[in-house]
Each structure stands twice: as structure tokens, then as C-alpha cells.
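The structure that follows is given in the form of C-alpha cells.
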Amino acid sequence: MSSQGQAELLTIAVIGDVHDCWDTDDELALKHLGVDLVLLVGDFGNESVDVVRAIASLDIPKAAIFGNHDAWYSATEWGRKKCPYDRQKEDRVQQQIDLLGVAHVGYGKLDLPKLGLTVVGGRPFSWGGSTWKNQEFYQERYGVSSFAESTAKILAAAESATEDALIFIGHCGPIGLGDKAEDPCGRDWQPIGGDYGDPDLAEAIAQVRLSQKKVPLVSFGHMHHRLRHTKTQLRKMVHTSPEGTVYLNAASVPRIVEQGGDRLRNFSLVTLQSGVVSQITLTWLNQDFDIHSEQILYQVNPVAQLAST
């Protein structure tokens with residue numbers, strides 16, 4: 001584990017939508033990769049407390065945010081009707097929040113001074129899109145009833161950061177990354193197309209940029225890489241902004257697959273060099289923790305990028 005600051009080389013593993021694909025080998029794989037930080041962007045399962053408990057025990061610096069499936073039986077009337085447990089006796093949403101403790105950064109932040117970073121969380125349990133959803137859920141849990149109030153909550157967390165370099169994580173990414181179905185937050189179901197990103201996360205990031213803080217990376221999931229409306233292409237995983245921020249959709253689902261008697265698992269590995277994202281790879285490891293395949297999603301000379309900003 002690194003105790004180096006921002007000026008050094010850091011390796012960050014971003015884990016997209018888990019959807020119950022997590023086992024004891026994941027921690028071993030992450031330690032084998034030698035990562036400095038793990039970012040988990042939600043959808044651990046349908047209020048899967050046991051999966052969250054296993055992730056909470058991960059003995060590597062980590063930050064996480066919950067996704068829509070993590071409140072599957074609690075946030076919507078449809079979900080509450082299908083709930084397989086007694087919600088009067090159990091609050092599995094709160095159980096998950098309690099298990100992750102300080103690692104859960106939804107509407108909060110985690111300062112990592114040894115790494116020279118603060119991880120800031122967007123709105124937890126996001127369904128995505130520009131319509132304010134689940135009014136009762138957000139009002140009861142967080143006292144938030146609009147995108148404006150949500151933005152203020154994210155921004156307050158960012159403003160309390162002790163570090164100058166901020167990494168934002170959300171379950172859904174911010175609005176503004178494109179409105180095609182294959183864009184990082186594009187709508188790939190009928191009607192096809194449209195930007196389904198989170199407006200509150202986008203506005204909070206824009207406000208932070210007005211300060212002296214740097215935002216090298218924004219990572220999220222929710223919109224799976226495999227598109228629903230076509231088999232001929234995959235979702236665009238990376239977007240870069242003129243300000244130098246790299247946006248990563250890490251939702252390669254399923255993240256664990258059986259192939260030819262082998263068990264493969266994926267991690268999105270981000271290299272941060274001198275506070276700038278220099279490389280991102282979608283890396284699949286086999287059951288012996290050797291690299292099965294590695295797809296370079298993004299690569300840049302950080303010295304050249306720093307010189308141009």
C-alpha cells in the first residue's frame with residue numbers, strides 16, 4: 001500500500017456495478033494488483049447486505065457510493081410492493097450504510113492525505129436522469145427534495161475537503177457527457193437516445209472548478225457497457241473535458257464470468273501521475289490473478305497535459 005502523495009504515481013481500481021458478482025478472491029486480486037485505492041460505484045445487489053458486508057471488510061483504502069439497486073425495495077412504490085422482507089422490522093438500506101461507515105461517501109467525502117486526494121460522493125442511490133425521482137425516499141433519508149438542494153449537499157462536502165485534488169464518484173455520471181445512446185450516460189432503451197446523467201452532480205463539479213481545487217477523475221457506473229438496443233457496439237467508457245477531467249464509466253457487467261474452466265474478473269485501473277490521469281485500462285484477471293486481457297481505454301503523457309493547462 002502506498003503512502004505517497006499526489007505528486008507520485010498512484011493506482012486506483014474502480015469497480016463498476018457489482019450486481020452480486022463479488023467473492024473472497026476480489027480482495028486477493030486487488031492486493032495482487034498493488035492498488036493504492038479502491039472506488040466502488042454501487043449496485044452491489046438488490047439491497048444485498050451480505051455483499052456490502054464483504055466489501056466493507058476489504059482491507060485496502062476504499063470509498064463507495066450506493067446505486068439504485070441498493071435501495072431496490074425501499075425507494076419506489078413498485079419496489080416496496082415486491083419487497084421480500086418485512087420493511088417494518090428491517091431497514092436494509094440503513095444496514096448497508098452502517099456497514100460501509102466512513103467509506104460511504106454519498107453526499108459526503110473521504111479525505112486521504114497520504115494519497116493527496118479527497119474522494120467526494122454524488123447523490124447516493126441515483127436512478128439517473130433529469131427528472132427528480134423518489135421524493136419521499138430522499139426527503140426522509142437526507143432532507144433533500146430537489147436537484148438544487150442535492151447540488152448544495154454535494155458541494156458542501158466538496159468544500160470541506162482537506163486536499164486540493166478531488167475525485168468525484170457517483171452511481172450515475174453527470175449530465176453533459178453526450179446524448180447518444182452509446183455515450184457514457186446515454187439512454188439505450190426506448191425512446192433511444194438522450195442524456196440520462198445526473199444534473200446535480202454536473203452542477204456541483206462545475207462549481208468546484210471555480211475554486212482552486214482540481215478534479216482529475218470522475219467515475220461512475222449505472223449505464224452498462226453492453227447496450228440494450230444493439231449488439232454491434234459497446235458503450236463509450238471514457239470522456240474527457242477541456243478542463244482536463246477524465247470521466248470513467250466502469251460498469252462492465254457482469255464483472256465476474258466463467259470462461260473455459262477459468263474464472264475471470266474485471267477492474268478498471270486508473271493511473272494517476274502528478275495529479276493527472278495518465279492511463280485507464282479495463283483489466284481482466286484469471287483465477288491465478290494473472291492478466292487475462294487488458295484494454296487501454298485512455299492514455300496520455302501527463303507532463304504534456306500539465307504543460308497545456
Side-chain angles (χ1 to χ4, degrees), residues 14 16-17 19 39 41-43 65-69 75-76 106 120-135 138 144 146-155 158 166-210 215-253 268 270 277 280 282 295-300:
V14 186
D17 299 30
H19 290 294
L39 303 176
V41 298
D43 273 7
I65 192 165
F66 288 114
N68 56 305
H69 279 265
T76 69
V120 179
R123 171 166 38 97
F125 306 103
S126 172
W127 252 258
S130 296
T131 302
W132 184 253
K133 304 178 182 73
N134 308 324
Q135 169 82 18
Y138 281 109
V144 169
S146 68
F147 283 125
E149 291 178 2
S150 183
T151 296
K153 208 166 181 68
I154 300 167
L155 195 56
L166 307 186
I167 290 176
F168 280 85
I169 63 171
H171 177 55
C172 189
I175 198 169
L177 307 184
D179 59 4
K180 296 178 181 177
E182 65 272 17
D183 283 328
C185 301
R187 181 185 177 115
D188 63 332
W189 63 93
Q190 295 294 339
I192 300 297
D195 190 339
Y196 216 66
D198 283 344
D200 43 352
L201 181 57
E203 180 60 24
I205 293 169
Q207 292 293 323
V208 165
R209 283 212 183 96
L210 299 177
V215 184
L217 176 68
V218 177
S219 195
F220 50 91
H222 188 49
M223 303 301 225
H224 297 180
H225 291 174
R226 292 180 183 176
L227 298 169
R228 302 186 199 191
H229 70 294
T230 178
K231 303 300 181 187
T232 62
Q233 66 181 127
L234 297 174
R235 184 176 301 281
K236 182 182 175 184
M237 304 174 201
V238 172
H239 174 92
T240 58
S241 75
E243 299 85 1
T245 299
V246 180
Y247 295 82
L248 169 65
N249 179 332
S252 181
V253 178
S268 295
V270 178
V277 175
I280 302 176
L282 178 62
Q295 179 185 359
I296 296 176
L297 305 179
Y298 176 82
Q299 195 169 46
V300 72

Can you tell me how the ring of F147 sits relative to the ring of W132, calling it parallel under 30°, perpendicular over 60° and tilted otherwise?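 Plane angle over 60°, so perpendicular.
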Should V238 and V246 count as side-chain neighbours, where that means a heavy-atom distance under 4.5 Å?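 SC-SC contact between V238 and V246 confirmed.
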Return each pair, listed once, that meets side-chain hydrogen bond (donor to acceptor under 3.5 Å, both in side chains) where at least one residue sits in residues 190-202; pairs must be two or more places apart or across chains.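 Listed once each, the pairs are R123-D198, R123-D200, S126-D198, S150-D200.
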I205 CD1 to L210 CG distance, which is reported to the nearest 0.5 Å: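 One gets 12.5 Å once the value is rounded to the nearest 0.5 Å.
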Between D43 and H69, is there a donor-acceptor pair closer than 3.5 Å when you use the side chain of the first and the backbone of the second?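 Side chain of D43 to backbone of H69: a pair is present.
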Considering all heavy atoms, the nearest L177-H239 contact: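 Result for this residue pair: CD2-CD2, 3.5 Å.
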Between CG on residue L217 and CG on residue L166, distance to nearest 0.5 Å: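 That separation rounds to 11.5 Å.
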Over all heavy atoms of both residues, which pair between L227 and A181 is shortest? Give the atoms and the distance, please.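 Nearest heavy atoms, L227 then A181: CD2-O, 3.7 Å.
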Are any non-hydrogen side-chain atoms of F220 and Y247 less than 4.5 angstrom apart?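 Yes, their side chains come closer than 4.5 Å.
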Using distance alone, with no hydrogens and no angle criterion, decide if E243 and S241 have a side-chain donor and acceptor under 3.5 Å apart.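 Yes - a donor-acceptor pair under 3.5 Å links their side chains.
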Say you draw a straight line from CD of Q299 to CG of L297; how long is it, rounded to the nearest 0.5 Å?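 The CD atom of Q299 sits 10.5 Å away from the CG atom of L297.
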Quick one, F168 and V208 - any side-chain contact, counting heavy atoms below 4.5 Å?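 Contact flag for F168/V208 side chains = yes.
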Can you name the closest pair of heavy atoms from S268 and L282 and give their distance?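 Scanning both residues completely, I find the closest heavy atoms to be OG-CD1, 3.9 Å.
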To the nearest 0.5 Å, what is the distance between CZ (R228) and CD1 (I192)?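 If I round to the nearest 0.5 Å, the distance is 9.5 Å.
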Might you point out which heavy atoms bring S130 and I175 nearest each other, and give the distance in Å?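 Looking at all heavy atoms of both residues, the closest pair is OG-CD1, 3.3 Å.
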Nearest 0.5 Å please: distance from the OG1 atom of T232 over to the CD atom of E182.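 T232 atom OG1 to E182 atom CD measures 9.0 Å (nearest 0.5 Å).
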Flag, side chain of D17 to backbone of A251, donor-acceptor distance under 3.5 Å: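 Not at all, since once roles are kept as given, no pair shorter than 3.5 Å links the two residues.
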Indicate yes or no: at least one non-hydrogen side-chain atom of L248 is less than 4.5 angstrom from one of Y298.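 With C-beta onward as the side chain, the pair stays apart.
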To the nearest 0.5 Å, how far apart are CG in D188 and CG in D183?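 It is 11.0 Å, given to the nearest 0.5 Å.
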Taking H224's backbone N and O only, do any of them form a donor-acceptor pair with N249's side chain (distance below 3.5 Å, no angle check)?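 Flag not set: sc N249 to bb H224 has no pair under 3.5 Å.
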On a heavy-atom basis, which atom in C172 and which in C185 lie closest, and how many Å separate them?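 Smallest interatomic distance, heavy atoms only, reads SG-SG, 4.5 Å.
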I need the minimum non-hydrogen distance between A250 and S219, along with the two atoms involved.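 Looks like CB-OG, 4.4 Å.
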Report yes or no: does H222 contribute a side-chain atom to a donor-acceptor pair with the main-chain N or O of W127 at less than 3.5 Å?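 A pair under 3.5 Å: yes.
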For a 4.5 angstrom cut-off between non-hydrogen side-chain atoms, does Q295 reach M237?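 With C-beta onward as the side chain, the pair touches.
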Spell out, as yes or no, whether a donor-acceptor pair under 3.5 Å connects the side chain of H171 to the backbone of V41.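 A pair under 3.5 Å: yes.
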